[in-house]
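The analysis underlying the following values was restricted to heavy atoms, covering all of them including side chains, and did not include hydrogens, waters or symmetry mates. Order of appearance sets the numbers: ligands from 1, and atoms from 1 within every ligand.
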Amino acid sequence: MGLTSAITGLPYVGKTTLFNLLTGAHAATGGFAGAEAETNVGVAKVPDERVDRLAPLFQPKKTTHAEITYRDLGLAKPAAPGQAISAQKLGDLRTADALVHVVRAFADAAVPHVEGTVDPARDLATLELELLFADHAVVERRLERLEPELRSAKGAERDAKEREKAVLEHARSALDAERPLRDVDFDAEELRVMRGFRFLTLMPTLVAANLDEADVGRPDTVLAPLRAATGKHRATAVVPVCAKIESEIAELPPDEAAAFRADLGLAEPALDRLIRATYELLGLISFFTVGPDEVRAWTIPAGTRAQQAAGAIHSDLERGFIRAEVIEWEKLLAAGSEANAKKQGIMRTEGRDYLVKDGEVFHVLFSV
Ligand SMILES: Nc1nc2c(ncn2[C@@H]2O[C@H](COP(=O)(O)OP(=O)(O)O)[C@@H](O)[C@H]2O)c(=O)[nH]1
Ligand SMILES: [Mg+2]
């Protein structure tokens, strides 16, 4: 199960520049035609110091970080509200697990701005309205089709369709009031009914504010209005980036890059910031498996039980799950080896209902 984030935003805001930075790709930037036409797809390795520090203990043949796929999906400037996003783009956006909405906060006379002036809060509102219109259209279309279906349906099928209608009407009233669906208190059953529609305003959303070089060291004036706008919404966070300088820094040798970043007041690379925010937004955690063959990070939702977590590794491990041996990664690191950890009695045995915690190392015992 790989995670996919869709990068979206108006033209000329730095989407492709950010995509290249995150995935190490070299897709062409700056072209308007490309903004709507092409989709760039790339994979980023989830930076995780814990994997890097555990690996030397095992000298494994392979060290595997978690991965996240980024899809860079350009959009045209809306000619009129509700007309900016092609059906194909909408479909592409809907396949993602989260949205990264890039807004332009950099001034650069050489880079055209579709609205003429730099105003990231305005651009954020413009695109959010587009996503809202898109969801509204989906709801309307489905409600229209439900009417004749309801007339002919009977029994349990009819009940299910009545339920669907009620849920969609609930969604429509929120969208009519320009409320993104992630702000609405749907219950688990309603969310289940809505899952198949893959509503865009239901998706966790990261707003990547693409800062001007001059603002990197003092981002708060730029971020404050964006945070005021996003603070009203659930599952929404703002992450500052400076796609252009950070791309230049990424070309430097690691120690020079770190020094350069520190000078600018950037504590860590854009990828680390974005991915941490993505995990937080989506409620994801990591656990690890270790051994001479592979040291590897796995991504699961917080609150996953040990048996299901084993299924992230392989379905046989879930099916034949007996128990797991568990240790926090720092304790394993301190012990120096699993043999030592066992001798010290700090490896625990946990059953299938154990709730896996972030940073734990797992050995699954199973039999199929
Ligand atoms: N000054 C400045 N220019 C940037 C920044 N990010 C991107 N650009 C430039 O803006 C132009 C459009 O960038 P691009 O990534 O193609 O934007 P997209 O249309 O959103 O994919 C390119 O010429 C980039 O070099 C930035 O942080 N600062
Ligand atoms: Mg682009």
Next on the checklist: I need the atoms of ligand 1 closer than 4.0 Å to a non-hydrogen atom of V111, numbered in the order shown.
Outcome noted: 9 (C), 10 (O), 11 (C)
Checklist entry - Taking distance alone, with no angle check, do K15 and ligand 1 share an N/O pair under 3.5 Å? => result yes
Checklist entry - Is the Mg ion (ligand 2) under 2.8 Å from any N, O or S atom of N40? => result no
Checklist entry - What do the steps show when you test W298 against V356 for side chain to side chain contact (heavy atoms under 4.5 Å, CB included), and what is the final call? => result CA-CA 11 Å; W298 303 89; V356 180; over 6 Å; no
Checklist entry - Which of the atoms of ligand 1 are close to N210, meaning less than 4.0 Å from one of its heavy atoms? => result 5 (C), 6 (N), 27 (O)
Checklist entry - With a 4.0 Å cut-off on heavy atoms, does E213 reach ligand 1? => result yes
Checklist entry - Yes or no on side chain to side chain contact (heavy atoms under 4.5 Å, CB included) for V239 and V207, after CA distance, side-chain angles and deciding distance? => result CA-CA 6 Å; V239 182; V207 176; over 6 Å; no
Checklist entry - In terms of atom number and element, which parts of ligand 1 are under 4.0 angstrom from non-hydrogen atoms of L211? => result 27 (O)
Next on the checklist: A cation-pi test, strictly: NZ or CZ of R104 under 6.0 Å from the centre of the six-membered ring of F106 and no more than 45 degrees from its axis. Yes or no?
Outcome noted: yes
Next on the checklist: Check this for me: E169, atom CD, are more than 12 non-hydrogen atoms of other residues, nucleotides or ligands nearer than 6.0 Å?
Outcome noted: yes
Next on the checklist: Which label fits F362 and Y354: parallel for a plane angle under 30°, tilted from 30 to 60°, or perpendicular past 60°?
Outcome noted: tilted
Checklist entry - Does G30, backbone or side chain, put an N or O under 3.5 Å from an N or O of ligand 1? => result yes
Checklist entry - Side-chain donor-acceptor pair under 3.5 Å between D52 and H65, yes or no? => result yes
Checklist entry - Which bit of V13 is near ligand 1, meaning a heavy atom under 4.0 Å away: side chain, backbone, both or neither? => result both
Checklist entry - Where's the contact between T17 and ligand 1, heavy-atom distance under 4.0 Å: side chain, backbone, both or neither? => result both
Next on the checklist: Under a 3.5 Å cutoff, is there a donor and acceptor pairing between the side chains of E338 and H363?
Outcome noted: yes
Checklist entry - Atom CG in L191, atom CE in M194: separation rounded to 0.5 Å? => result 5.0 Å
Next on the checklist: Taking distance alone, with N or O pairs closer than 3.5 Å, would you say F106 contacts ligand 1?
Outcome noted: no
Checklist entry - Which is it for D72 and ligand 1 at heavy atoms under 4.0 Å: side chain, backbone, both or neither? => result neither
